[in-house]
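No experiment lies behind these values; they were computed from the predicted model shown. Both counts, for ligands and for their atoms, begin at 1 and track the order of listing.
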Amino acid sequence: MASILQSTQGAIGKILWLHHEHFHWEMPPSNRAKGARGGARQLKRQELLKHALASSVSRIVRIPQAVASEISATEQEAQTSLTCNEKMMANYVPVYVMLPLGVVTVDNVLEDKDRLEKQLKELRAAGVDGVMTDVWWGIIESQGPKQYDWSAYRSLFQLVRECGLKLQAIMSFHQCGGNIGDVVNIPLPQWVLDIGESDPDIFFTNRTGNRNMEYLSLGVDNRRLFYGRTAVEIYSDCMQNFRENMSDFLEDGFIIDIEVGLGPAGELRYPSYPRNQGWVFPGIGEFQCYDKYLKAEFKEVATSEGHPEWEVPDNAGTYNDTPESTEFFGSNGTYLTEKGKFFLTWYSNKLLSHGDQILDEANKAFMGCKVKLAAKVSGIHWWYKADNHAAEFTAGYYNLKDRDGYRPIARMLSRHYGILNFTCLEMRDSEQSADAKCGPQELVQQVLSAGWRENIDVAGENALSRYDRDGYNQILLNARPNGVNKEGRPKLRMYGVTYLRLSDDLMQKTNFNIFKTFVKKMHADQDYCPDQGKYNHHIGPLERSKPEMTIEDLLEATEPMEPFPWDKETDMSVGGALANLIDKIFSMFK
Ligand SMILES: OC[C@H]1O[C@H](O[C@H]2[C@H](O)[C@@H](O)[C@@H](O[C@H]3[C@H](O)[C@@H](O)[C@@H](O[C@H]4[C@H](O)[C@@H](O)[C@@H](O[C@H]5[C@H](O)[C@@H](O)[C@@H](O[C@H]6[C@H](O)[C@@H](O)[C@@H](O[C@H]7[C@H](O)[C@@H](O)[C@@H](O)O[C@@H]7CO)O[C@@H]6CO)O[C@@H]5CO)O[C@@H]4CO)O[C@@H]3CO)O[C@@H]2CO)[C@H](O)[C@@H](O)[C@@H]1O
């Protein structure tokens with residue numbers, strides 16, 4: 001054993017078996033020192049396990065294959081000494097619930113506190129682990145540059161904590177309104193919109209010149225257009241101020257993750273399918289790179305590559321087109337030409353650098369806190385089974401059969417110890433329009449696998465509100481694609497799932513009863529567990545991001561890899577057809 005430890009990092013580490021691969025979980029420097037004093041060589045296997053369980057984890061290092069089998073045998077031996085419950089706890093997937101979009105109003109008030117408190121208590125009693133909430137930029141910095149007001153959010157967090165729930169906080173640098181389910185309008189701060197009056201190019205723009213005020217264009221990330229600050233500096237200041245003003249909530253482990261808003265709907269994407277500009281499902285959407293800043297950047301890179309004549313596309317159709325009706329996406333379309341590939345690479349790389357830069361700022365802001373950073377990626381499942389993947393392209397995901405558009409995102413996140421938070425977990429191919437070549441199941445399988453292949457944690461959400469058993473069963477399948485392992489850690493397990501969203505419909509009796517069963521099944525039939533360590537979520541102080549990766553490093557991850565195999569259905573079902581029938585009969589007598 002000593003040789004194994006010393007052959008990795010020379011430090012005592014937690015050894016776990018994950019996704020068929022072996023890792024050495026390296027501990028923070030202070031623990032390492034303690035371990036070193038004890039002497040790695042003297043540690044027996046059981047002591048090692050005990051020590052590992054009691055300690056926090058700071059870094060993951062891949063163990064050479066040569067020693068993997070030896071470790072596996074040790075781990076299996078160690079696991080046999082765990083009780084049945086302890087083994088089952090390794091299958092536990094925590095469940096969080098998204099709070100209503102307007103829980104803090106646009107006027108910065110926590111409204112209807114009593115009602116919310118009642119609902120939160122019901123969630124807690126149902127076994128829910130925590131809640132997720134947007135923290136709207138348009139609310140907290142609405143009074144002027146750097147004039148932050150966190151008071152309503154502090155009241156909200158206090159209430160959530162009193163109800164015994166954990167918190168996932170979204171740094172929502174986008175507008176609320178314009179997307180599916182957006183029942184309230186919370187625009188970007190007025191002082192930013194005012195700048196947009198004189199310089200509308202700060203906003204994403206489509207080919208015909210429509211501006212989208214959901215999120216600032218990537219073209220202004222590094223331009224000092226906002227009272228001396230760049231967009232990235234604004235996001236950075238905001239996160240730092242959040243840390244300063246929420247330090248008590250961060251220090252005691254109440255806030256468990258920060259979902260870093262990287263685009264519209266908080267997702268790392270372009271606003272290619274805006275409902276408020278007439279997009280309807282399953283339109284291919286439109287590229288959004290026609291503001292003067294992005295256009296100039298494209299021209300500059302094209303020129304430097306020897307193609308000053310290349311422009312951003314003018315043949316990619318409009319929001320509700322089908323791919324085949326456009327020159328860009330049709331058979332033998334522009335997307336297959338040198339010019340098309342150059343554009344798509346630039347467009348998708350911009351998204352990667354944008355995410356990387358803001359996550360780096362987030363990492364600096366939250367370094368040392370016991371939180372995880374996370375980034376959301378949208379589930380663009382329509383036209384996924386078409387050769388051209390048109391809807392993914394316009395959103396910025398350059399994904400093809402022979403080019404993985406998601407693994408580079410996962411690799412970028414790995415540098416920041418980030419979680420990849422993916423959506424549309426509830427969707428089944430059979431529920432979708434065949435005409436739109438939808439493939440939500442294969443998409444989820446691809447993206448989650450991409451995350452696991454890059455050794456990062458993967459979490460998820462449902463895209464649309466669902467209260468039926470089929471939707472929950474699909475989420476359960478994705479949460480543990482190969483089912484539970486009664487002997488301990490399952491082969492594959494999601495880090496957590498956030499259910500979208502708390503509403504009166506969810507709290508309605510029949511719906512809530514099914515939801516409670518769902519929570520129990522996500523917990524692998526175990527009781528609610530407040531101690532995350534018991535299900536191997538060791539959230540140590542956030543370390544500084546790893547050194548910057550070159551774009552070439554990131555693009556290596558475009559090499560397609562087989563996704564992990566998925567079972568056909570979950571082994572932890574909330575019930576099937578018979579239960580659905582009984583639900584229906586009951587609802588007739590309501
Ligand atoms: O608070 C955090 C953030 O919350 C919000 O953002 C989240 C957003 O709400 C989420 O949707 C999700 O974002 C993505 C998502 O990942 C993407 O997949 C995509 O969503 C598209 C979706 O995948 C497509 O399928 C399509 O949806 C259309 C659907 O396919 C059509 O069938 C139809 O749905 C109807 C449905 O047919 C109809 O039966 C009925 O269904 C309801 C049912 O009646 C009721 O009993 C109950 O069971 O609920 C059912 C579902 O609601 O109504 C449905 C809706 O009309 O139309 C669908 C819409 O066309 O298009 C979707 C895009 O529109 O894009 C999403 C947005 O990017 O994750 C976001 C992040 O958490 C806020 O927007 C953010 O600001 C917050 O920060």
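The shortest separation from a heavy atom of Met132 to ligand 1 is not under 4.0 Å, leaving the residue out of contact. Residue contacts with ligand 1: Gly181 is excluded, as none of its non-hydrogen atoms falls under 4.0 Å.
Protein heavy atoms all stay at least 4.0 Å away from atom 46 (O) of ligand 1. Using a 4.0 Å threshold on non-hydrogen atoms, atom 14 (C) of ligand 1 counts as touching the protein. In this structure, atom 39 (O) of ligand 1 is not in close contact with the protein, since no protein heavy atom lies within 4.0 Å of it.
Within ligand 1, the atoms closer than 4.0 Å to a non-hydrogen atom of Ile170 are 2 (C), numbered from 1 in the order shown. Shown in contact with Tyr273 at under 4.0 Å from a heavy atom are these atoms of ligand 1, numbered in order with element: 19 (C), 63 (C), 65 (O), 66 (C), 67 (C), 68 (O). Here is the list of ligand 1 atoms found below 4.0 Å of a heavy atom in Asn179: 74 (O). Contact atoms of ligand 1 toward Trp136: 76 (O), 78 (O) (distance under 4.0 Å to a heavy atom of the residue). Close contacts between ligand 1 and His381 involve ligand atoms 22 (C), 23 (O), 24 (C), 25 (O) [criterion: under 4.0 Å to a heavy atom].
Any N or O atom pair closer than 3.5 Å counts here, and Arg466 shares no such pair with ligand 1.
For the side-chain hydrogen bond (donor to acceptor under 3.5 Å, both in side chains) with Asn179, the qualifying choice from His174, Glu214, Glu267 is Glu214, the only one to do so.
Of the heavy atoms in Asp468, none comes closer than 4.0 Å to ligand 1.
The main-chain N or O of Leu188 is never found under 3.5 Å from a side-chain atom of Gln175 such that the two would form a donor-acceptor pair.
If you take CH2 on Trp383 and CZ on Phe329, they are separated by 11.5 Å, rounding to the nearest 0.5 Å.
No side-chain donor-acceptor contact under 3.5 Å links Asp505 and Ser503.
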